[in-house]
Number of protein chains: 2
Amino acid sequence: MPQPSAPRRNPGRPPRISREEIIEAARRIVTEGGVGRLTMRRLATEVGSTPMALYHHVRDKEELLVLLLDDYAARTLRRSELPAHPRERIVAAATAIHEALVACPWIVEVLTADDLMSTSALWFVEQIVDGLVACGLSLDRAVHGYRSIWYYTAGEIVVRTTAARRRADGDPPTYREQVFADLDSNELPRLAQAADRWGALTAEDTYQDGLRALVDGLLVSR
Amino acid sequence: MPQPSAPRRNPGRPPRISREEIIEAARRIVTEGGVGRLTMRRLATEVGSTPMALYHHVRDKEELLVLLLDDYAARTLRRSELPAHPRERIVAAATAIHEALVACPWIVEVLTADDLMSTSALWFVEQIVDGLVACGLSLDRAVHGYRSIWYYTAGEIVVRTTAARRRADGDPPTYREQVFADLDSNELPRLAQAADRWGALTAEDTYQDGLRALVDGLLVSR
DNA sequence: ACCTGAACACCGTTCAAGT
DNA sequence: ACCTGAACACCGTTCAAGT
């Protein structure tokens with residue numbers, strides 16, 4: 001994260017707004033209106049200033065978003081007691097990251113903005129990598145394993161929040177339902193067979209099941 | 001997918017532009033300039049019309065993007081010979097979807113726009129679900145298993161294309177590198193240990209490794 | 001050093017009118 | 001039925017000037 005500008009021996013005008021103030025206001029906007037509501041202009045009026053004043057404290061909107069994610073992670077991803085057993089530790093650490101992400105659906109836009117979620121998440125990453133090593137993987141394999149877990153987790157979040165957003169918007173026919181309604185059971189027998197249950201099945205939260213399968217596979221196969 | 005307006009017994013003015021023409025132009029713009037270049041206004045000039053004419057053939061920009069993805073999937077996701085062995089069939093089908101996505105990085109924005117990738121992908125989904133059933137999973141577990149594979153795949157794509165975009169932009173310090181450079185090896189020993197290799201390790205394409213681990217785990221654990 | 005106003009170069013979409 | 005022009009209600013960001 002870019003450092004806040006180093007404190008100088010105030011040889012100029014005293015600042016009227018601070019980085020913290022900006023991020024705080026941004027958090028307010030985002031939590032009550034979604035990330036779509038967060039514009040530089042709106043943020044400016046929220047802090048009682050002008051759009052351009054913001055650019056003195058933040059490089060651009062992208063940096064603001066990363067800052068916001070970092071701030072969020074710092075206040076929600078608190079280290080906690082994790083299981084001693086390495087496999088369970090991996091699952092617990094990944095689940096902690098996942099839960100933090102689930103709780104802030106605006107994350108998706110930012111997720112695609114940096115591959116490192118946040119420094120606050122590093123401790124959990126450490127737990128995952130270390131757990132994999134403790135289970136006998138080489139360090140390299142453990143890092144790759146962590147990556148797979150991260151792909152799975154990020155993907156789940158993206159798909160989940162998109163579906164939720166869609167549901168909230170109320171685009172009713174959902175296209176998928178249409179397609180699944182008239183599926184050719186000769187061509188696509190399994191999908192036709194599962195068609196009427198598909199909606200219910202995909203609505204279930206199976207993050208942990210998939211995670212456990214993935215971890216099992218990472219540990220077992222080599 | 002919304003149907004093209006049903007053919008009527010032309011009781012009005014003959015159309016000057018068609019849905020196909022619009023999608024074709026959109027594809028052109030997107031493949032040579034990225035999805036960020038695709039605006040309704042630019043698209044209009046590309047087809048030699050006005051922005052508003054487009055809205056006669058397409059509900060809004062979101063529909064246009066879904067249409068575009070569908071068009072893309074239809075022309076790249078051709079059914080092919082898949083291995084007979086169910087486990088390998090699952091891997092091959094997932095890899096086919098993955099490769100199609102890798103080849104069009106603009107997909108990410110659209111990926112988050114519908115949970116059903118495209119009707120053209122359904123055949124591959126069928127192969128995955130059927131493969132899981134053939135390996136002994138119940139239909140419900142198989143559907144959940146497919147979902148896990150989709151999460152993993154979508155996540156890999158999102159993270160990959162974001163990283164690539166970032167590299168292309170040339171944001172040089174990459175924040176991550178900074179953080180990893182001064183990692184406390186007491187606090188985060190594994191990460192510190194892997195720090196100098198992290199970049200290289202995460203640059204490797206390990207999609208298949210992770211996929212195989214996930215599939216193994218899905219099959220083994222129950 | 002920090003902030004402001006005005007402006008630039010855009011967006012997606014609606015609405016009323018034309019053919 | 002299909003298309004157009006003008007307009008609405010926005011964006012992020014730059015630039016030159018003010019204090």
Side-chain angles (χ1 to χ4, degrees), chain A residues 2-23 25-26 29-30 33-68 106 109-110 112-113 165 169 171, chain B residues 2-23 25-26 29-30 33-68 106 109-110 112-113 165 169 171:
Chain A
Q3 283 304 102
S5 44
R8 320 206 169 211
R9 275 164 276 114
N10 18 305
R13 189 168 159 170
R16 262 216 267 279
I17 53 175
S18 68
R19 225 178 216 247
E20 287 71 43
E21 217 178 324
I22 291 172
I23 294 173
I29 293 174
V30 150
V35 78
R37 288 267 106 72
L38 182 64
T39 71
M40 298 303 269
R41 296 169 122 98
R42 209 181 298 254
L43 181 55
T45 70
E46 184 81 4
V47 298
S49 185
T50 65
M52 278 320 299
L54 303 178
Y55 286 88
H56 239 268
H57 302 266
V58 145
R59 183 153 40 81
D60 54 15
K61 197 184 177 180
E62 170 139 352
E63 185 181 280
L64 177 70
L65 286 172
V66 173
L67 251 26
L68 198 58
W106 55 269
E109 280 83 349
V110 194
T112 69
R165 218 166 280 184
D169 291 0
D171 295 8
Chain B
Q3 285 302 102
S5 43
R8 319 206 170 211
R9 275 165 277 114
N10 18 303
R13 191 167 156 172
R16 261 217 266 280
I17 53 176
S18 67
R19 224 177 217 245
E20 288 70 42
E21 218 178 323
I22 291 172
I23 294 173
I29 293 174
V30 150
V35 75
R37 289 268 105 72
L38 182 64
T39 70
M40 298 305 267
R41 296 168 121 99
R42 208 181 298 254
L43 181 56
T45 69
E46 183 82 5
V47 298
S49 185
T50 66
M52 278 321 297
L54 304 177
Y55 286 88
H56 239 269
H57 302 266
V58 146
R59 181 152 41 83
D60 53 17
K61 197 184 178 181
E62 170 138 352
E63 184 181 280
L64 177 70
L65 286 172
V66 173
L67 253 23
L68 198 59
W106 54 269
E109 281 84 350
V110 194
T112 68
R165 218 166 279 185
D169 292 359
D171 295 8

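Letters A, B, ... are given to chains in the order of the sequence lines, protein chains preceding strands, and every chain is numbered from 1.
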* **Close side-chain approach of A:Ile22 to A:Leu67, heavy-atom, < 4.5 Å** => no

inquiry  = Any heavy-atom pair between the side chains of A:Trp106 and A:Leu68 that's under 4.5 Å?
reply    =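 Result yes, sub-4.5 Å side-chain heavy-atom pair found.
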
Side-chain N,O ([X]) to OP1/OP2 ([N]) below 4.0 Å:
X	N	result
A:His57	C:dC3	yes
B:Thr39	C:dC11	yes
A:Arg42	D:dC11	yes
B:Ser49	D:dT4	yes

[atom1] of [X] versus [atom2] of [N]: gap in Å, rounded?
X	N	atom1	atom2	answer
A:Leu38	D:dC10	CG	C1'	15 Å
B:Arg16	D:dA1	CZ	P	17 Å
A:Lys61	D:dC10	NZ	C1'	12 Å
A:His56	D:dG18	NE2	C1'	12 Å
B:Leu54	C:dT13	CG	P	11 Å
A:Arg59	D:dT13	CZ	C1'	13 Å
B:Asp60	C:dT14	CG	C1'	13 Å
A:Met40	C:dT4	CE	P	14 Å

Scanning all shown strands, the Watson-Crick or wobble mate of D:dC10 with both distances under 3.5 Å is none

(message) Taking pairing as Watson-Crick or G-U wobble with both contacts under 3.5 Å, can you name the mate of C:dA1, or confirm there isn't one?
(response)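 Across any shown strand, C:dA1 pairs with D:dT19.
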
Nearest-nucleotide check on DNA chain D, A:Arg37 vs B:Gly48; residue mapping nearer the 5' end is B:Gly48

Q: Write down the distance separating the P atoms in D:dA9 and C:dC10, rounded off to the nearest Å.
A: 22 Å

_Which heavy atom of B:Ala26 sits nearest to which heavy atom of B:Leu43, and what is that distance?_
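Taking every non-hydrogen atom into account, N-CD1, 3.5 Å.
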
Q) B:Arg19 side chain to B:His57 main-chain N or O, any donor-acceptor pair under 3.5 Å? A) yes

Report the C-alpha separation of A:Ile23 and A:Val58 in whole Å, then their side-chain angles, then the decisive distance to 0.1 Å, and conclude whether the side-chain contact (heavy atoms from CB on, under 4.5 Å) test is met. CA-CA 10 Å; A:Ile23 294 173; A:Val58 145; 5.9 Å; no

Per atom distances to the B:Met52 side chain, the nearest of C:dC3, D:dT13, C:dT13 is C:dT13

Base, sugar-phosphate alone, or nothing: which one does B:Arg41 contact when heavy atoms must sit under 4.0 Å apart? base

